[in-house]
Amino acid sequence: MTQEHQGESHGWSAARKGVWSRLRLTSLRLRLVVVFGLVALTAAVSASGIAYWLNRESVLTRTQDAVLRDFEKEMQNRAGSLPEHPAQDELQRTAGQMANSSQRFTVLLVAENPEGQTVYGSSGGLNGFSLGDVPESLREAVTERQKVTSGNAYPHRLYWQRIVEDGTPYLVAGTKVIGGGTTGYMLKSLEPEAKDLSSLAWSLGIATGLALIGSALLAHAAATTVLKPVQRLGTAARRLGEGKLDTRLRVSGTDELADLSRTFNKAAEALEKRVADMAARDEASRRFVADMSHELRTPLTAITAVTEVLEEELEFEGGGIDPMIQPAVRLVVSETRRLNNLVENLMEVTRFDAGTARLVLDDVDVADQITACIDARAWLDAVELDAERGIHARLDPRRLDVILANLIGNALKHGGSPVRVSVREEPAEGAEGAEGADAADGTVVIQVRDHGPGIPEEVLPHVFDRFYKASASRPRSEGSGLGLSIALENAHIHGGEITAVNSPEGGAVFTLRLPRDVSAAGSGEKTGDAGTEGAEGDA
């Protein structure tokens with residue numbers, strides 16, 4: 001598949017996903033359209049049903065009344081003029097005359113001839129309308145003699161019934177001539193009326209469908225009008241969440257959505273002002289720390305020089321320092337060294353906060369780097385090293401030394417001997433087993449484990465916090481509380497990470513993960529301060 005086709009396919013897929021996201025079942029737009037559609041459908045179906053029922057009853061009643069009046073008139077005028085016992089041909093002739101009325105129905109006449117035999121006369125011929133086509137219940141009602149009362153002047157009445165034969169509706173009626181004699185039945189097809197009602201039903205169905213479509217379009221338009229401010233509000237909220245605090249909504253109108261937009265703008269304005277104030281205070285705080293650290297370096301340089309002379313005098317046997325003040329001199333020397341380390345650490349923290357800390361990358365052997373760090377601090381007897389030579393990485397050696405010094409020093413000071421440092425390399429995801437995979441794509445993993453009591457669970461989430469100390473009872477420890485946080489920042493600037501856990505066998509385990517090639521990982525080679533040397537050991 002070509003890139004052009006791939007781009008078209010991707011664009012179509014994105015467009016389809018966009019349409020589906022707007023029409024998903026949880027979409028407010030779709031729910032509004034569905035509700036509008038259901039309401040419109042219910043109203044249209046109800047109106048159409050009522051209209052159909054009223055028209056059906058009106059058409060059938062009008063036709064039925066006209067046919068029954070005509071049939072009753074024909075029975076009185078023509079069948080009533082027959083003798084009490086008519087002959088077959090008389091019945092047949094009268095039935096034909098009755099069928100030629102304006103309503104054009106089929107007539108069946110039943111009577112007894114002078115010989116007492118039942119004779120029939122049908123306008124439809126021998127194979128036309130017969131007594132078998134008349135429902136039995138209707139025949140019984142017609143032949144049954146009613147009691148003559150003040151409310152019922154005649155013993156026989158006109159009865160009718162609607163039937164369906166072979167899918168065609170018919171109207172069947174029957175009555176008996178007043179005074180006895182001939183019984184007449186009528187059959188009228190209602191097929192024309194049924195066709196008219198079917199056309200009406202189709203028309204109402206089409207009207208219902210059009211009403212449903214129209215309501216859906218109107219609902220969509222209404223939902224778009226209502227939801228457009230909501231969508232703008234959602235977009236503005238996302239932009240605000242992304243840190244674009246100058247986002248504002250255009251306010252128009254005086255409705256509830258306009259009030260909501262005004263409230264959002266006020267909240268965004270207040271948030272922007274609050275964040276700006278906090279950023280200004282934070283910047284002022286960082287500038288104060290940096291300025292203070294720089295200002296302290298000048299007197300500290302002179303004090304450090306003096307304390308170095310005093311320290312040499314203390315180490316020189318037979319020196320001129322009074323033995324009574326030697327403890328005070330030693331305290332001044334140690335506290336000056338501690339203060340000097342604190343100032344250096346504060347300056348390094350301000351570099352990280354200001355984003356000015358830079359890497360000086362070099363190709364180093366990780367095992368040699370760890371050995372040099374341990375040897376420079378005389379930790380060879382207290383640290384076990386499990387690292388093979390030949391694991392190379394491109395990183396900042398001085399910042400790696402800071403990380404290792406803090407992790408190992410922390411383990412020696414607050415953990416338990418022996419402290420074990422191990423190194424391994426992990427291939428990049430998907431590169432394991434791949435022929436010719438670039439070794440620089442992997443990760444160097446350095447673990448520092450002690451055999452002490454471990455880190456309390458309530459302390460574990462805070463070991464990398466600045467100025468955090470595990471025990472409030474020792475606020476004046478040799479560390480500043482910045483060592484582990486500086487180690488973590490140095491790992492981050494390499495694109496790596498440090499984690500701290502308690503080992504099931506006892507003791508704490510700090511794991512440092514760094515990319516084999518920091519420049520390939522995206523940090524790039526940069527020049528600048530390499531960081532602070534020395535171990536803090538602030539658990």
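We use all heavy atoms of the structure for the numbers below, so side chains are in, but hydrogens, waters and symmetry mates are not. Throughout, residue positions are numbered sequentially from 1 according to the sequence presented.
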If you look only at distance, which donor and acceptor atoms sit under 3.5 Å apart when one is on a side chain in residues 66-75 and the other is two or more places apart or in another chain?
from, atom 1, to, atom 2, distance (Å)
Asp70, OD2, Ser101, OG, 2.6
Glu74, OE1, Arg78, NE, 2.9

Starting from the C-alpha separation in whole Å, work towards a yes-or-no answer on side-chain contact (heavy atoms from CB on, under 4.5 Å) for Phe510 and Ile403.
CA-CA 11 Å; Phe510 287 82; Ile403 298 172; over 6 Å; no

Just do the side-chain contact (heavy atoms from CB on, under 4.5 Å) check on Ser81 and Asn77 with the steps written out, would you?
CA-CA 6 Å; Ser81 62; Asn77 295 335; over 6 Å; no

Walk me through whether Leu395 and Leu514 qualify under side-chain contact (heavy atoms from CB on, under 4.5 Å).
CA-CA 9 Å; Leu395 41 77; Leu514 297 175; 3.9 Å; yes

Evaluate Leu407 against Leu484 for side-chain contact (heavy atoms from CB on, under 4.5 Å), listing each step before the verdict.
CA-CA 7 Å; Leu407 294 181; Leu484 290 179; 3.9 Å; yes

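Interatomic distance, CZ of Arg104 versus OG of Ser123, reported as 10.5 Å (0.5 Å rounding). Summarising the geometry, atom OG belonging to Ser503 is positioned 11.5 Å from atom CD1 belonging to Ile455; distances are rounded to the nearest 0.5 Å. For the atom pair CG of Asn113 and CG of Leu91, the computed distance is 9.0 Å after rounding to the nearest 0.5 Å. Here Gln92 contributes atom CD and Asp89 contributes atom CG; the two are 9.0 Å apart, rounded to the nearest 0.5 Å. Separating the OG1 atom in Thr208 from the CG atom in Leu204 is a distance of 6.5 Å, to the nearest 0.5 Å.
Counted by atom type alone, Thr235 and Arg232 present zero donor-acceptor pairs between their side chains at under 3.5 Å.
When each of Thr247, Leu245, Asp277 is checked for a side-chain contact (heavy atoms from CB on, under 4.5 Å) with Glu272, only Leu245 meets the rule.
Residue Arg274 qualifies as open at atom CZ: its count of foreign heavy atoms under 6.0 Å is 12 or below. Within a 6.0 Å radius of CD in Glu458, other residues, nucleotides and ligands contribute more than 12 heavy atoms.
Taking every heavy atom of both residues into account, Leu249 and Asn265 meet most closely at N-OD1, 2.7 Å. Scanning both residues, Tyr185 and Gly174, for their nearest heavy atoms gives CD2-CA, 3.8 Å.
Arg516 contributes no side-chain N or O that, together with a main-chain N or O of Glu425, makes up a donor-acceptor pair within less than 3.5 Å.
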